[in-house]
Structures are given as structure tokens and as C-alpha cells.
Amino acid sequence: MIRVGVVGYGTIGKRVASAILKQPDMVLVGVVKRTPDYSVRIGLSRGIRFFIPDEEKADLWNEAGVKFSGDIAQLLEKCDVVVDATPKGTGMHNRKIYERKGLKAIFQGGEPPEVGDLSFVAQVNYKSSVGKQFLRVVSCNTTGLARLLHAINREYPIDKAIALLVRRSVDPNQDIEGQVDCVIPSFGISHHAKDLKTVIGDIDVVTFAVKVPVTHFHIHMISIKLKDSVSPNNIIDLLEETRRIAVISSKDKLGSTAKLLDLSRELGRSRSDIYENLIWLDSICTEGKWLHLMQAIHQEAIVIPENIDAIRAVSGSTDASTSMSLTDSSLSIASSRFF
Ligand code: NAD
């Protein structure tokens, strides 16, 4: 069993912790959390052990009457691998702690690429990640684009790809003040293109992005110039055979992100999570060498299977295909259609 600790219990950390609990070859040793809030009380009732990031937080937890099992140093002592899911920038700081302890660690996409020995997407570079000390699971947008473009490029080589990203502004649990009725463009080529190069450096991609005032899903509108022309049916066949990509259709009344949210609820997914890239069948069309399509990415969920595979990769416990099969079956991940 791989003994895993999670540092940071927010949008990503709590999902990674729940996914670890479902793996047959992993044990969740505990979670580091700063504030003893409702999510801790629920986690405790489900048997999760909580640790505080430093002794100064002990009074806060004791006053709230919430049980903790020690501090971060005590947790890390018992772990083989740590998943750091703290906010942007904190992981880079924590890296020194893991380095001193000789611990393997997985970081998230908010950290700079230098935090990891490699930027990770399981389908792209699991094999070269095996045995590394530090991996960085790239952001939700980068994961979604890398999965798709890597699959297409392997079968139908890509000359150039242009992706327009319509991004949710905040996650559903964020009650912060801010963008209510406006669209915020990122001017020029967005940072996602640079980040993609850390994973699929052999594919020429440019990205443009706007943020819109919604909380669920990013939408990607992608135009791909292929080296040779291909029929839409060939692309559909390829996508239907590709792991962690699911093809959906507006004929099933799945023509909006509201319906995608409802789909995840109907599927009975934990936290309404959709781990797959959702590609609209109706959006797939070709014009000579150009292929156009649209995909939806559930930002809170898509990186969760990648974190689980990254744990196995750094541990060197198994190969890519076995790891992804274990992850996918434990999370009921679809690889073609949901029904
Ligand atoms: P979040 O704010 O929801 O959660 C972070 C948690 O870490 C919070 O509970 C915070 O209190 C806690 N924390 C802060 N400092 C800590 C410390 N020193 N020790 C322990 N806990 C600490 O953030 P998130 O959305 O889960 O993002 C985490 C990382 O994942 C970021 O790098 C982000 O860019 C990346 N990411 C986020 C999303 C998304 O959609 N939310 C998607 C993909 C990747």
C-alpha cells in the first residue's frame, strides 16, 4: 500500500483525498487543514485524520472543539508520497519541507513548472515520470487540452492548433466579491499555450482566453490544422476509443453546461464531478485539413485522476496502463459514452 498525505483540503485537496480512499493500493494517512470548518467535521465523521500546518493553529482547533491528530511534521513522517493542494505559490514554499524529508510530492498547476521534475498528464508522459521525486499535475485547462491534442496528434499529426478558452470565473464554493456581470479577456496569447509546451512541446498551439461569470465548466473551441485531411467519422471513432474522453450529443439534450451539471448529478457522481473531457459530437466538423470541435471541462474534477496516477508514477508501483485502469474503474470514469 502507498501511504499518502494530502496538504491543503480545498476544491482539489478534498477530491484527491476522497479518490485516494477509493484506491485498492493506497492508504490516506491524513490531511493538513488550516481551519476547523464544516468540511473537517464531515471528514472526521468519514474517518479522515486531520493535521494542522503549524502549532500556532492548535488553539483555534481546540477552541472549536475539533479533533486533530498532530502537526504536518507528524503526518509527513508516516507518508511515502504527499499531494500538495495548497493555493498557488504555497506549494513552491512547501517543496523545501518535502525535500528536507526526502519525500516524493505531487504539486498542482497553480505552481510554476520548476516545482516539479516534470509537468504531468497521465496519457502523455506517465512512463517518463516513473520514479521522479516531484511531479506537477498541470491545470484543468492544460490537462483537458493536452489529453485531446495528444490523442489526435498520435493518430493524425497536427500542424497547428488554435484554442479559444471560455473560463468559469470562480469555483461554486467561492463566496468572494468580484466578477458578477462582465467578461474579462486575457489580452494576447494566454498563459495556457506556454503551459501546454511543458507537456506536449512537440505540438504547435496558441490559446486565447476570456473569463465569464459562471462557476461550472470551461468551454474550449478548438481549430486544428492537420498535416493531412481526415473525415469527421475518423475523429469520432478516435475520440470514442480514447481514455478519459467522452463524446456527448445535443440530441440527448446535453446542449449546455446546465445540462452537463445535471448529467453529473444523474450519474450519481461524488460531488457531481466529471473527470472526462466532454466533446460535443455536434461540434465536430472538418474543412479540408482543418478540424473544428468544442469540449467542456469540469475544472474541479478533471485533474483528480491525474493526481492519483501521479502518486503511482512517483512510487514506481505500476505501469501507465495498469494505473489508469485502476483509477478509472475506482472513479467510474467513462472512456467513450456515458450511456
Ligand atoms: P482552494 O483555495 O480551494 O484550496 C486550498 C486549500 O489549502 C484551502 O483550504 C486553504 O485554506 C489551504 N491552505 C492554504 N495554505 C495552507 C498550508 N500552508 N497548509 C495547508 N493548507 C493550506 O484551492 P484549489 O482550487 O483547491 O487549488 C489548489 C491548487 O490546485 C492550485 O495550484 C490551483 O491552481 C490548482 N487547481 C485548481 C483547480 C480549480 O478549479 N479549483 C483546477 C485545477 C488545478
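Just so you know, these numbers use all the heavy atoms, side chains as well, and skip hydrogens, waters and symmetry mates. Indexing begins at 1, ligand by ligand and atom by atom, following the structure's order.
- Put simply, atom 23 (O) of ligand 1 has no protein non-hydrogen atoms near it, under 4.0 Å away.
- Side-chain atoms of T207 and S190 include a donor-acceptor pair closer than 3.5 Å.
- Here the protein heavy atom with the shortest distance to atom 25 (O) of ligand 1 is T11 CB, 3.6 Å.
- The one candidate from I274, D171, I12 that meets the side-chain contact (heavy atoms from CB on, under 4.5 Å) condition with E300 is D171.
- Nearest protein neighbour of atom 27 (O) of ligand 1, counting heavy atoms only, is I12 CG1, 4.1 Å.
- Atoms of ligand 1 lying under 4.0 Å from at least one heavy atom of Q108, given by number and element, are 29 (C), 30 (O), 32 (O), 35 (C).
- Looking at atom 40 (O) of ligand 1, its nearest protein heavy atom turns out to be R168 NH2, 3.1 Å.
- Applying the 4.0 Å criterion to heavy atoms of G8 picks out, from ligand 1, the atoms 7 (O), 20 (C), 21 (N).
- Checking T322 against R312 by side-chain atom types alone, no donor-acceptor pair falls below 3.5 Å.
- Under 4.0 angstrom from ligand 1, the non-hydrogen atoms of D171 all belong to its side chain.
- Listed by number with element, the atoms of ligand 1 under 4.0 angstrom from any heavy atom of Q299 are 39 (C), 40 (O), 42 (C).
- At a heavy-atom distance under 4.0 Å, no atom of K14 approaches ligand 1.
- For the residue pair R243 and S325, a side-chain donor N or O sits within less than 3.5 Å of a side-chain acceptor on the partner.
- With no hydrogens or angles considered, no side-chain donor-acceptor pair links T142 and H192 at under 3.5 Å.
- For the residue pair D84 / T86, a side-chain donor-acceptor distance below 3.5 Å is found, with atom types taken as modelled.
- For a threshold of 3.5 Å applied to N or O pairs, the pair formed by N94 and ligand 1 contains no separation below that value.
- Among G110, S139, A301, G10, the residue whose heavy atom sits closest to atom 32 (O) of ligand 1 is G110.
- The protein non-hydrogen atom at the shortest distance from atom 43 (C) of ligand 1 is C140 N, 3.7 Å.
- Two different hydrophobic clusters hold V115 and V121 under the rule that ILVMFWY side chains link at heavy-atom gaps under 4.5 Å.
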**OP:** Determine, stepwise, if the pair Y9 / F50 fulfils ring-ring contact (aromatic ring centres under 6.0 Å, His included).
**Re:** CA-CA 10 Å; Y9 195 67; F50 287 87; 5.3 Å; yes

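- The aromatic rings of F107 and F134 stand perpendicular to each other, their planes meeting at an angle above 60°, with 30° marking the opposite boundary.
- The protein non-hydrogen atom at the shortest distance from atom 19 (N) of ligand 1 is P53 CB, 3.8 Å.
- Considering G13, P87, G89 only, the shortest heavy-atom separation from atom 7 (O) of ligand 1 involves P87.
- Counting heavy atoms under 4.0 Å from ligand 1, residue A85 touches it through the backbone alone.
- Within the set R34, R15, E300, the minimum heavy-atom distance to atom 10 (C) of ligand 1 is found for R34.
- The single protein non-hydrogen atom nearest to atom 31 (C) of ligand 1 is T86 O, 3.8 Å, given as residue, atom name and distance.
- Ring geometry for F68 against W61 counts as perpendicular: the plane angle is over 60°, on a 0 to 90° scale with 30° as the lower cut.
- A donor-acceptor contact closer than 3.5 angstrom is absent between the side chains of R168 and T257.
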Subject >> Working for side-chain hydrogen bond (donor to acceptor under 3.5 Å, both in side chains), residues T35 and D37 >> reply: CA-CA 6 Å; T35 319; D37 62 11; 5.7 Å; no

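- With ligand atoms numbered from 1 in the order given, ligand 1 contributes 18 (N) to contacts under 4.0 Å with heavy atoms of T90.
- The closest approach between a heavy atom of Q174 and any atom of ligand 1 is not below 4.0 Å.
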